[in-house]
Trainee: 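Input: one structure, supplied below.
Just so it is clear: chains get the letters A, B, ... in the order the sequence lines come, proteins before strands, and each one is counted from 1.
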2 protein chains.
Amino acid sequence: MRPTVYDIAAAAGVSLATVDRVLNQRPGVRLVTREKVEAAIRDIGYVRDVAAANLAKGRVYPLVFILPTGDNSFMHGLYAEVRQAMTRSAFERTEISIVEVPAFDTAALVAALDALHGTDLAGAALVAIDAPDVRAAVDRLVAARLPVVTLVSDLTGSTRHHYAGVDNIAAGRTAARLLGRFLGGRNGDVTVLAGSMLVRDHRERLEGFASVMAAEFPQLRLLPVLEGRDDPEIANALVSEALSGSNSIIGIYSLGAGNRGLIRALKATGHGRGLTVVVHELTEHTRAALQDGTIDAVLNQDAGHEVRSAIRVMKATADGQDVIAGQERIRLDIFLKDNLP
Amino acid sequence: MRPTVYDIAAAAGVSLATVDRVLNQRPGVRLVTREKVEAAIRDIGYVRDVAAANLAKGRVYPLVFILPTGDNSFMHGLYAEVRQAMTRSAFERTEISIVEVPAFDTAALVAALDALHGTDLAGAALVAIDAPDVRAAVDRLVAARLPVVTLVSDLTGSTRHHYAGVDNIAAGRTAARLLGRFLGGRNGDVTVLAGSMLVRDHRERLEGFASVMAAEFPQLRLLPVLEGRDDPEIANALVSEALSGSNSIIGIYSLGAGNRGLIRALKATGHGRGLTVVVHELTEHTRAALQDGTIDAVLNQDAGHEVRSAIRVMKATADGQDVIAGQERIRLDIFLKDNLP
DNA sequence: AAATTTTTGATTTACGTACATCAGAATTAG
DNA sequence: CTAATTCTGATGTACGTAAATCAAAAATTT
């Protein structure tokens, strides 16, 4: 049988009330007594029954997700996963709410973060924009003892407790190697389609991509980055223009969202040119394009894992517990047409 | 506030005892009364508080993992992950034990499975050998109402409740495409190193690999499979012999374990030949070889995820609950030197 | 040594569910 | 219509922890 608080009391030769005071860090215990109890806890190997404790406390975890609006499939997927998590609230003792802010809007994000002060939250998750104001707002929340998790896009240099997303530099490097190896030594140009250089994840992907390209595939020339603002229409226009303007493009790396537009452009203009294409985010559109050979590889982060991980981390942080590190590492999925889920 | 059993009783106009009889499927309730209670449960949206229920029941989950012995890093990793899970037993109300059986030994596995009858288990997980006897033994356990999960290697056609492992046909297909594309149109021979054609996962990987090779890379010729029994020494000998006997080998796919031996052979014999190599299972050896360029890609299944998933599924099955499907899908990890964890 | 403060003990209630018991009500069989 | 049977209600205890109260003991101050 697992030891209980009663066993601690017996082992330490004190009363239950004293054990409780030590366990829950309540005042009114002499140092020597506290140490006696702590020794007993270690000796008998007591671990608090979290389920019973939560039951007694009537604990619930009010959590908030701050998400950008946006007409791309990845964000739709992210919303869907958060809503999925809401349906599990009853089981998980969570109370999840979503706050929407306009995409790429630093001021709105800061305002949303500041509005959280004073509410009785157990944690906040946000898709960060990499700006000093946002960093300051996050730091204020952390200072106010609120567990904060960044989602998808990180905010390094801030005091956020955790980042639930992939290593984007590694993602960019991986894309470069896939593209470089798939092109098998051919000479030519490679073009990169990004969303916005404002968000850290896109900047990091580009950085990783460019560095491996330069170091290992010198026969490939990197063209200036196209910024499509994660918008299918803009992406379509930019890629169409680039492809009709040059015959030397042999590879494309799309590191943001809005791939619907890219795919449309590829089918219209890129047909039969033997382009090798690597994109991010598995959606119904990229999946179809992978299957029909329009694109060659999809790098993906599993939004469901990210959301569930963020929730686990916020709850654990709120309780001062630690998490299974390996379980919370968000992996970069690489999909070829053969291993689609 | 969440509705409780008291709320059901009030809403249905019956006593707590009757609600309890309905909820726990105890006898002694008229059909009309039962339906009244069930309607009330639906109406007020009651969901049982599993934590409280488990507390009241004093529920623990005795689980057993049946694992093959074997001197390869993957199995070592699997053992380590199960032992890791044991350290979390106190939190997760599990009581995990490990049963070791000799690798590739059908009779021993069947004996181990049969020995589980009569014990009070909440679930069993096994690395299956694909044989009729094993299938029958698993079916007997399932018939005896024991949740059974296959781990790493599946047992299709059996009544096992769940498979915690990757899609090995897809893994083989993916390996073929990586190898084929990385070889960039070159002509030559490709050799396959397997563990044993007795285990289903190896057979399936080969099947997937061969089919994509034949369909999409006709310029590559598949040599007869080398069976290394997942043993580093045997693998080393086989690969060394193959490489010294032929100059036309340009690609190698190692779909089993024992890659230490393969890597040794590559460094000794394959040096400077420009071989492209894809292997399975990320271990310290394959990681180092990936980093120094001896091999080009590693396909991996995360043993930690598999073990944790198996535990979640066994617990849920024991309670008659359902699981989050997306969370239990074990993904095929593809590692290049750029995205190593 | 008395008065005061701090520390500790004993006890109770609560969380939401499970499970057992026994008495009383309703239903069915004879 | 009575007896036997089947349902239902009322009640209490338990699980392991949290949290509160009040009394008693110990330590500290005056």
Trainee: Report yes or no: is the cationic atom of A:R48 (NZ for Lys, CZ for Arg) under 6.0 Å from the centre of the six-membered ring of A:Y46, at an angle within 45° of the ring normal?
Mentor: no
Trainee: Is the closest basic N to carboxylate O distance between B:R2 and B:D7 below 4.0 Å?
Mentor: no
Trainee: Would you check if there is a donor-acceptor pair between the side chains of A:E100 and A:T69 at a distance under 3.5 Å?
Mentor: no
Trainee: Please state how far atom CG in B:D319 lies from atom C1' in C:dA18, giving the value in whole angstrom units.
Mentor: 14 Å
Trainee: Could you tell me how far apart B:D7 (CG) and C:dT17 (C1') are, to the nearest whole angstrom?
Mentor: 13 Å
Trainee: Are any side-chain N or O atoms of A:R331 and backbone N or O atoms of A:V166, one a donor and one an acceptor, separated by less than 3.5 Å?
Mentor: no
Trainee: How does each nucleotide of nucleotides 5-18 of chain D score, in 5' to 3' order, for protein heavy atoms under 4.0 Å: base (B), sugar-phosphate only (S), or none (-)?
Mentor: --SBBB----BBBS
Trainee: So, B:K315 side chain and B:A122 main chain: donor-acceptor pair closer than 3.5 Å or not?
Mentor: no
Trainee: Just how far, in rounded Å, is C1' of C:dG16 from CD1 of B:I8?
Mentor: 11 Å
